[in-house]
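Here is the structure we will look at.
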Amino acid sequence: MTDYLWLWIVLGLLLLVGLGSALVVPRLRGRRPDDTSGPTTAAPPDDGTAADAGGDVLVEEPAAPALETPEPAAGRMVRLRDRLARSGSPLGARLLSVLSRDTLTEDDWDELEETLLLADIGTGPAEELLEALRTRVRVLGVREPDAVRELLRSELLKVVDPTLDRSLALERPVVDGVTKPAVVLVVGVNGTGKTTTVGKLARVLVAEDRSVVLGAADTFRAAAADQLQTWGARVGVETVRSEREGGDPAAVAFDAVRTGSTRGTDVVLVDTAGRLQNKAGLMDELGKISRVVTREAPLGEVLLVLDATTGQNGMQQAKVFGEVAGVTGIVLTKLDGTAKGGIVVAVQRELGVPVKLVGLGEGPDDLAPFDAEQFVDGLLG
Amino acid sequence: MFNSLSDRLTSTFKNLRGRGRLSEADIDATVREIRRALLDADVAVPVVRQFTAAVRERALGAEVSGALNPAQQVVKIVNAELVEILGGQTRSLQLAKTPPTVIMLAGLQGAGKTTLAGKLALALKEQGHTPLLVAADLQRPNAVTQLSVVAERAGVPVFAPHPGNTSDADAETIIGDPVGVSRDGVAEARAKQHDVVIVDTAGRLGVDQVLMQQAADIRAAITPDEVLFVIDAMIGQDAVTTANAFAEGVDFTGVVLSKLDGDARGGAALSVAKVTGKPIMFASTGEKLTEFEVFHPDRMASRILDMGDVLTLIEQAEKAFDADEAERMAAKVAGGEDFTLSDFLVQMQQMKKLGSMKKMLGMMPGMAQMRDQLENFDEREVDRVQALIQSMTPAERENPKIINGSRRARIARGAGQTTAAVNGLLDRFGQAQKMMRQMASGGAPAGPGGMPAMPGMPGMPGGGKKSRGKQQPKKKVKGKSGNPAKRAQQEREAMQRALGGGPRKAAPSGSAFGVGAGKESEVDPKDLELPGDLGKLLGGGR
């Protein structure tokens with residue numbers, strides 16, 4: 001190792017000088033990353049069952065005097081256990097466990113956990129979901145594994161939230177009295193299917209009688225612009241592209257949006273090059289694209305294309321792309337395979353970015369709106 | 001950011017200090033942490049189960065409970081087990097006895113097959129082969145064009161008789177005849193004397209019966225010597241299903257892990273290796289055609305466990321650093337000379353070539369405690385420091401002591417920053433310099449373990465108070481310059497081995513031909529020369 005003395009020295013120096021200043025300089029990005037891996041606390045989760053069950057009860061209570069329907073004894077037990085579960089005190093928790101025996105075996109729980117893990121939901125969220133579920137099972141006194149599964153389903157459904165607005169923001173914005181096209185920027189890591197998604201989306205929009213312009217801002221990958229152009233040509237949509245390979249993607253994106261606004265196009269779809277989220281230079285480039293485009297027209301949507309096969313790294317992708325480009329929605333592609341895409345549950349939970357579209361195959365019209373119930377059934381199936 | 005497994009285990013074992021033996025519960029907690037680390041790295045659930053069971057068994061054994069530091073011992077066991085699975089049966093590319101060698105690439109959509117085809121072709125070409133790329137991906141729009149472009153970049157011919165999906169054809173139907181194209185491609189190679197054929201097939205899902213059948217047909221038609229399964233390093237639990245489907249469908253002979261330059265921990269590697277028993281042969285680590293390397297099981301193990309990846313760090317550093325410069329620096333430090341700002345500037349610029357500083361620092365062992373700071377480390381900070389140094393005169397860089405108030409103001413103005421920033425830099429540099437001196441006299445940090453003492457805290461007054469001067473005479477100056485080249489050479493040799501044992505040799509049994517003997521002697525020296533050339537090239541180059 002002494003051979004690498006120089007390397008250590010340089011690194012050490014860098015660390016001192018570089019990091020030191022990072023510490024001295026006020027932390028602009030002082031956002032502490034949420035520790036998803038942290039041990040699950042005994043405290044009831046804010047958005048989990050306990051709170052929600054609590055909500056139900058609270059609604060019940062004021063209604064009770066008006067209706068004067070005596071509740072069944074079981075219901076009272078439920079309420080009592082619920083209060084104990086929510087009390088947060090160790091005594092309450094102890095009492096709860098005495099009052100309600102957990103009739104499910106550890107194997108049942110392990111099986112449930114495995115289902116979640118196999119769907120790529122991740123250890124942290126899976127543990128939290130199950131912890132909430134355990135409390136709820138105790139409160140409700142459920143004994144059947146199937147019923148528990150049903151509870152888990154509703155729990156997941158709550159996280160995915162079917163009521164969320166998942167439509168694309170395609171309203172044409174008005175800037176200084178001029179109607180601009182709605183701009184949709186499509187971003188993601190390499191090989192998730194961005195270009196294909198843009199192509200499919202163009203078809204959907206054309207089918208909805210909207211005029212579309214495509215921007216081939218993927219100037220890096222060989223023949224990416226050709227690929228997009230092929231998609232566009234099929235539905236008679238023009239593709240704005242750079243004359244040469246390796247041109248400035250921001251310029252292409254800008255040209256596309258400008259072309260769209262001079263022609264009075266409804267939507268401009270901008271395809272970007274795949275980039276791994278840990279490449280600072282490429283992420284800066286993406287920041288530039290979004291900045292430059294915004295000068296011409298505000299971004300209506302920034303869609304992050306996530307591959308359903310992606311594992312825990314999907315979270316990191318969503319975080320970084322969200323930071324750089326302000327992701328407003330996720331397109332989950334390749335969902336027609338065996339992959340479940342459970343990582344988006346974690347993503348939506350943590351970042352609040354909903355899945356808006358799903359890619360279901362290689363056919364040109366295989367882009368579908370996201371269906372929360374189907375998705376959750378898929379996760380548990 | 002997740003803590004590394006070794007940190008977590010350390011905290012698990014913290015309470016045990018002083019107690020002699022590990023209890024069952026301790027082992028349970030340990031196994032739980034390991035399980036979690038593996039799951040967080042996307043290792044498939046069934047594989048994790050088997051793995052933890054194996055580790056548990058070993059952890060219960062005497063080697064752990066008797067160890068002074070159980071956490072380290074457990075990590076060591078886990079690491080060893082991982083390396084064993086990942087690198088159990090490493091082997092090189094099997095070249096056909098009678099050329100052409102046929103290599104078929106298969107995988108999911110977007111795994112990186114087409115790019116890999118180019119990388120593989122380039123690597124083989126550099127080894128003296130004459131590869132031919134065959135465009136059998138007729139499915140994805142313009143995949144053929146992409147392969148042609150990639151082939152052009154690699155300077156390798158491409159066989160693409162069919163334009164592929166370029167028009168308004170419906171992608172749901174099978175386009176063209178990829179089986180025929182592959183067959184013709186191999187025939188073409190035979191006719192034109194290419195000794196390696198790389199067939200790029202369309203991406204397909206494991207559940208797609210039609211396309212899997214097509215892949216099987218291609219395989220049957222061209223009887224490849226190697227079928228490489230390309231898999232994305234960030235794939236999650238689906239890795240097992242996919243790998244099994246492909247193992248069944250095309251019976252791949254080796255695995256290539258792509259997009260390893262991302263920050264995914266790549267547990268899929270473990271899943272695939274364990275489930276299919278097929279070796280992982282190569283790793284694809286970037287978008288450039290040269291960013292392709294032999295798979296290193298040990299590094300992958302560290303990566304899955306999220307431990308610092310020292311070897312990769314060193315290797316990357318060697319690629320970017322100027323060997324002479326490094327030697328000069330090391331000699332300077334070892335010789336007790338002061339490290340100046342201009343040296344620092346040079347080092348920093350070289351460092352920047354390596355890419356993300358955050359990543360580099362993150363790879364340093366013992367950086368776990370500083371993860372939060374690292375997270376908040378602004379890459380542009382480096383640029384600011386550089387601007388400051390560049391605003392100084394050469395004299396100031398050599399001797400920062402002469403920088404007085406008015407000079408400070410000038411430097412700050414020049415760099416577009418405040419005098420406070422200049423002061424801060426000079427302060428920290430002074431401390432760093434002091435530390436360098438101590439390090440030079442107190443001996444280098446001995447490997448990964450030694451480092452943690454150093455980056456204790458920025459602004460700490462001279463890191464660990466090491467005894468001065470004691471080890472000074474021991475300071476090694478040897479081997480600094482030669483080593484990077486040597487290492488690069490070794491790396492290259494490893495690649496060469498992996499690609500099937502170096503440049504194609506003329507038939508060794510030349511004499512058997514009798515007449516051919518004369519010809520043989522002509523070819524021989526040229527062949528023998530090649531590796532030497534390569535070595536020279538590498539030695540001089542980087």
Side-chain angles (χ1 to χ4, degrees), chain A residues 1-25 27 29-30 33 37 114 117-120 123 189-193 220-223 226-227 230-231 234 276-278 280 307 309-313 316 334 336-339 343 362-364, chain B residues 1-2 36 39-40 42 45 110 112 141-142 145-146 149-150 166 168 171-172 205-207 234-238 241 261-264 314 317 326 329-330 333 344 347 351 356 361 364 373 375-379 381-382 385 424 428-429 432 436 444-447 454-455 458-459 476 479-480 483:
Chain A
M1 254 333 145
T2 40
D3 289 348
Y4 298 108
L5 171 66
W6 54 274
L7 180 60
W8 298 127
I9 290 171
V10 174
L11 276 173
L13 262 181
L14 261 176
L15 194 69
L16 271 175
V17 179
L19 262 186
S21 50
L23 287 176
V24 172
V25 168
R27 287 181 197 173
R29 313 198 316 158
S37 70
E114 214 154 89
L117 290 177
L118 278 173
D120 280 323
T123 45
V189 300
N190 312 55
T192 51
F220 183 84
R221 181 165 63 98
D226 297 329
Q227 190 187 345
T230 305
W231 276 103
R234 288 179 185 172
L276 292 174
Q277 73 279 8
N278 57 345
D307 189 328
T309 55
T310 310
Q312 298 312 302
N313 195 240
Q316 200 59 25
K334 306 185 199 170
D336 50 330
T338 39
I343 187 67
E362 303 198 284
Chain B
M1 200 71 183
F2 299 112
R36 183 157 186 159
L39 285 172
D40 283 342
D42 287 323
V45 174
N142 289 87
T145 326
Q146 189 190 346
V149 175
V150 164
T166 52
D168 47 358
E172 279 185 75
L205 290 167
V207 287
M234 52 200 165
I235 193 168
Q237 297 290 331
D238 199 41
T241 328
D261 49 331
D263 53 8
I314 288 173
M329 233 252 327
V333 173
F344 180 59
Q347 299 301 336
M351 209 71 191
S356 163
L361 292 173
M364 271 172 82
Q373 277 103 309
E375 278 290 292
N376 293 321
F377 177 56
D378 185 355
E379 297 277 338
E381 195 55 49
V382 180
V385 170
R428 288 193 306 273
F429 185 76
M436 287 301 118
M454 205 207 90
K476 280 188 210 156
K480 266 152 209 148
N483 214 11

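As the structure is a computational prediction, the values presented were derived from the model and not from experiment. A note on names: the letters A, B, ... follow the listed sequences, proteins ahead of strands, and every chain is numbered from 1.
- Separation of atoms CG (A:Asp336) and CG (B:Leu205) is listed at 5.0 Å; rounding is to 0.5 Å.
- Nearest approach of A:Leu117 to B:Val45, heavy atoms of both residues: CB-CG2, 3.7 Å.
- Scored by the salt bridge (charged side-chain N to carboxylate O under 4.0 Å, His left out) test, A:Asp226 finds A:Arg241 as partners (sequence neighbours excluded).
- Of all heavy-atom pairs between A:Ala223 and B:Gln146, the closest is CB-N, 3.5 Å.
- From B:Gln237, atom CD reaches atom CD1 of A:Ile343 across 10.5 Å, with rounding to the nearest 0.5 Å.
- A heavy-atom distance below 4.5 Å is found between the side chains of B:Asp42 and A:Asp120.
- Once rounded to the nearest 0.5 Å, the distance linking CG of A:Asn313 with CD1 of B:Ile235 reads 12.5 Å.
- The CD atom of A:Gln316 sits 12.0 Å away from the CE atom of B:Met234 when rounded to the nearest 0.5 Å.
- Of the two parts of A:Thr192, neither the backbone nor the side chain holds a non-hydrogen atom closer than 4.5 Å to a non-hydrogen atom of chain B.
- Every residue two or more places apart in sequence or in another chain that forms a side chain to side chain contact (heavy atoms under 4.5 Å, CB included) with A:Asn190 is listed here: A:Leu276, B:Lys259, B:Glu287.
- Between the B:Asp40 side chain and the A:Gln312 main chain, no donor and acceptor come within less than 3.5 Å of each other.
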